[in-house]
K.L.:
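Below is one structure. I have some questions about it.
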Amino acid sequence: LQRLEYRGYDSAVAPPSTRAAKNMCGIVAYCGNAQAADILVAGLQRLEYRGYDSAGVAIIQKSEDSGGKQESKRQKSAAPKADGAEAKIKICKQAGKVANLAKACENSDVKGTLGIAHTRWATHGPPTDRNSHPHVSCDGKIAVVHNGIVENFAALKTKLEGLGYKMASDTDTELIAHLIYDVRKKKAMPLEEAVRQALTQVHGAFGLGVVCADEPDILIGARRGSPLILGIGDDEYVLASDASAVIERTRRVTYLNDGDMVVITRGAGYQIKSLDGVKLIREVQELEMSLQEIQKGEFKHFMLKEICEQPEVLENCMRGRLNHDTGDINLGGLTPYLQRIIAAPRIIICACGTSWHAALTGEYMIENLAKIPVEVEYASEFRYRNPVLYKSDVVVAVSQSGETADTLAAISLAKKHGCLTVGICNTVGSTIARETDCGVYLHAGPEIGVASTKAFTAQICVMCMIALKLLKEKGDDSTADFKKKLKALAALPDKVRKVLEEKEKVLNMSRVFRYASNFLYLGRGFNFPVALEGALKLKEISYIHAEGYPAAEMKHGPIALIDQFMPVVVIAPCNDPNAEKLQSNIEEVLARGGSVIAISDETKNEDLERKCEYVVHVPNTEEFLMPLLTVIPLQLMSYYIADMRQCNVDQPRNLAKSVTVE
Ligand code: AGP
């Protein structure tokens with residue numbers, strides 16, 4: 001077994017039940033006058049991009065709610081022995097997609113107007129009915145949904161088992177239900193107080209929804225590390241991990257802060273308190289999101305919709321910010337901090353995944369244009385590697401969701417060192433947006449496809465505006481060249497429209513390469529991060545192995561992989577200062593029998609056309625803006641190949657949209 005351990009080592013290292021489950025899930029909860037199950041399942045469908053291993057609902061059913069139907073196999077009453085009890089908790093949960101749960105709910109009689117629900121993404125603990133949330137206390141009277149991780153799982157489990165509690169699942173969430181029960185039973189206290197006291201024993205992150213059959217008109221939410229938003233409707237409340245699950249009921253929302261607890265009491269409104277019980281006032285805001293933005297419309301997948309939305313996304317991102325006639329760039333959030341930023345000895349940009357690729361583009365832009373030193377860090381490394389940080393440093397977090405745990409931790413670290421923190425986020429009101437000193441929103445609209453596309457281009461667009469703004473702030477904006485750059489940036493949405501007209505060509509090309517098992521992506525300068533992003537997109541959604549490299553690095557290793565089965569995507573604009581070097585890289589691939597797909601500009605180059613299997617042309621623009629155009633064919637190719645391979649494009653296996661645990 002030791003020799004074979006490299007083939008699989010989950011159960012030999014530690015049995016599942018001894019390790020904590022990690023969740024990056026979606027929570028939705030409802031208290032109102034409508035049937036909760038319908039609202040909860042609809043909410044889960046909106047949140048499914050956050051996790052799609054399994055899903056479940058728990059509804060408080062009062063005697064007047066229950067119909068005459070028999071209980072189905074899947075749907076159990078969690079409080080069968082609640083003799084004489086007015087209310088009980090009905091649970092319906094299913095491994096697999098929310099659609100399975102929807103069917104199960106339709107066939108059952110989960111009736112009631114208050115409930116909690118969950119869609120799960122698990123890295124540990126198999127996605128079975130048993131591990132699906134909600135989880136209940138031993139008497140079935142308390143139900144909990146949880147997004148996050150209980151870090152002292154092992155210690156709590158030992159303690160609870162020592163007290164005689166029997167675990168019904170492998171999850172850490174179940175412990176929270178038992179803890180609440182334990183505290184409540186011992187001290188005969190109201191649910192609110194029991195939740196508060198139980199949570200003092202929980203280490204780690206949580207976004208939580210709790211209901212109790214004994215207090216059937218109360219819904220409790222609490223957060224530490226995982227997001228929660230409260231939608232406030234007419235006589236109804238929706239508590240959810242993000243706004244997309246709230247928007248169908250109400251546009252009035254309040255974002256819970258870390259350490260907040262909300263207690264919703266039917267007929268008596270809601271109250272937000274700290275986890276210490278101190279009453280708090282939180283601002284109520286109007287959601288800007290529209291329902292249309294979170295629907296697929298005529299598109300087969302969200303990802304394709306989001307790729308095609310990019311011209312408008314860039315327009316929205318620049319609207320009211322860029323004026324190429326006057327040479328003005330208005331980034332309101334940064335204005336009071338600009339002097340501090342240009343005086344900084346360095347800017348450190350922290351991010352993960354696609355956002356990290358955008359950050360790398362940002363480094364090239366800020367260093368090239370504004371001449372301020374920039375370092376780009378994987379947030380997950382930065383937070384743990386004990387970096388040297390000075391008060392004068394500026395630390396920028398780039399995150400579509402604004403909830404990525406590692407990026408958030410990088411910001412906390414920077415704050416501890418007194419650095420100025422800047423957020424570049426898409427999700428309005430997200431934790432990173434609120435925790436940073438200042439920032440710039442992307443205004444890309446909700447991104448539902450797990451593979452990030454439009455947020456990436458919007459992040460680069462924001463990076464361009466920041467680089468140009470810093471250049472201006474340094475007083476280097478007097479040249480005609482500055483206005484030319486602004487004009488080129490403003491012209492990009494139309495150029496992206498032109499690239500999208502190449503869809504058919506990319507589709508045909510994808511057909512040819514769909515069965516390849518490996519791809520290599522090469523780029524230089526501003527297009528190197530695009531090579532990385534192209535490779536990541538393909539990996540994520542088509543499960544084809546792909547690597548991105550700086551083109552010159554190919555001969556330091558990856559060239560060994562090249563043969564007739566290896567398609568090599570080279571981002572090779574002909575008016576690039578490195579054009580000749582890129583042509584040599586193409587020659588090197590061809591000499592080894594590889595097939596080349598070139599992403600080039602409109603400059604005529606018959607040699608390139610002759611040598612490469614495919615050349616996709618994008619319009620000419622300034623060198624630093626090229627990534628905004630060259631990435632589009634790569635996004636499309638990943639999409640088409642994944643779709644042709646019948647992969648679940650919007651919800652690729654093992655991934656989740658927002659990585660709220662490390
Ligand atoms: C993008 O396609 C990925 N799903 C992933 O790499 C993502 O970019 C990363 O998890 C960071 O997310 P964030 O932008 O929300 O912080």
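Residues take their numbers from the sequence shown, with the count starting at 1. First listed ligand is number 1; within each ligand, the first listed atom is number 1.
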K.L.:
Who gets closest to atom 6 (O) of ligand 1 by heavy atom: Ala451, Gly353, Ser430?
P.N.:
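That would be Gly353.
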K.L.:
Under 4.0 Å between a side-chain nitrogen and a carboxylate oxygen: does that hold for Lys498 and Glu501?
P.N.:
no
K.L.:
Nearest 0.5 Å, what's the CD1-CD distance between Ile632 and Glu502?
P.N.:
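Reported value, rounded in 0.5 Å steps: 12.0 Å.
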K.L.:
If you count the atoms of ligand 1 from 1 in the order shown, which ones are under 4.0 Å from a heavy atom of Thr354?
P.N.:
1 (C), 2 (O), 6 (O), 8 (O)
K.L.:
For atom 3 (C) of ligand 1, what's the nearest protein heavy atom and its distance?
P.N.:
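The closest heavy atom on the protein side is Glu540 OE2, 2.9 Å.
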K.L.:
Can Arg645 be said to sit on top of Tyr543's aromatic six-ring, NZ or CZ under 6.0 Å from centre and within 45° of the ring axis?
P.N.:
no
K.L.:
Applying a strict 4.0 Å limit to heavy atoms, is Leu655 in contact with ligand 1?
P.N.:
no
K.L.:
With a cut-off of 4.0 Å, which atoms of ligand 1 are near a heavy atom of Ser355?
P.N.:
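Heavy-atom distances to Ser355 below 4.0 Å select 8 (O), 13 (P), 14 (O).
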K.L.:
Can you report which non-hydrogen protein atom sits closest to atom 11 (C) of ligand 1, along with the distance?
P.N.:
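Protein heavy atom with the smallest distance to atom 11 (C) of ligand 1: Cys352 O, 3.3 Å.
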K.L.:
Between Glu447 and Ser452, is there a side-chain donor-acceptor contact under 3.5 Å, judged purely by atom types and distance?
P.N.:
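Yes - a donor-acceptor pair under 3.5 Å links their side chains.
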K.L.:
Any N or O of Gln400 that comes nearer than 3.5 Å to an N or O of ligand 1?
P.N.:
yes
K.L.:
Measuring from Leu492:CG to Glu315:CD, what's the distance to the nearest 0.5 Å?
P.N.:
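With rounding to 0.5 Å, CG (Leu492) is 10.5 Å from CD (Glu315).
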K.L.:
Roughly how far, to the nearest 0.5 Å, is SG of Cys464 from CE of Met318?
P.N.:
8.5 Å
K.L.:
Of the protein's non-hydrogen atoms, which lies at the shortest distance from atom 10 (O) of ligand 1, and what is that distance?
P.N.:
Val659 CG2, 3.9 Å
K.L.:
Would Gln459 and Ser355 count as having a side-chain donor-acceptor pair, cut-off 3.5 Å?
P.N.:
yes
K.L.:
Salt bridge check, Arg524 against Glu553: does any charged N sit closer than 4.0 Å to a carboxylate O?
P.N.:
no
K.L.:
So, taking the atom named CG in Asn147 and the one named CG in Leu228, what distance separates them when rounded to the nearest 0.5 Å?
P.N.:
8.0 Å
K.L.:
Pull out every atom of ligand 1 sitting under 4.0 Å from any heavy atom of Ser452, numbered as shown with elements.
P.N.:
1 (C), 2 (O)
K.L.:
At what distance is the nearest protein heavy atom to atom 13 (P) of ligand 1, and which residue and atom is it?
P.N.:
Thr404 OG1, 3.2 Å
K.L.:
Could you list the atoms of ligand 1 found under 4.0 angstrom from a heavy atom of Val450?
P.N.:
2 (O), 4 (N)
K.L.:
Would you call Lys537 a ligand 1 contact, heavy-atom distance under 4.0 Å?
P.N.:
yes
K.L.:
To the nearest 0.1 Å, how far is atom 15 (O) of ligand 1 from its closest protein heavy atom, and which atom is that?
P.N.:
Ser401 OG, 2.6 Å
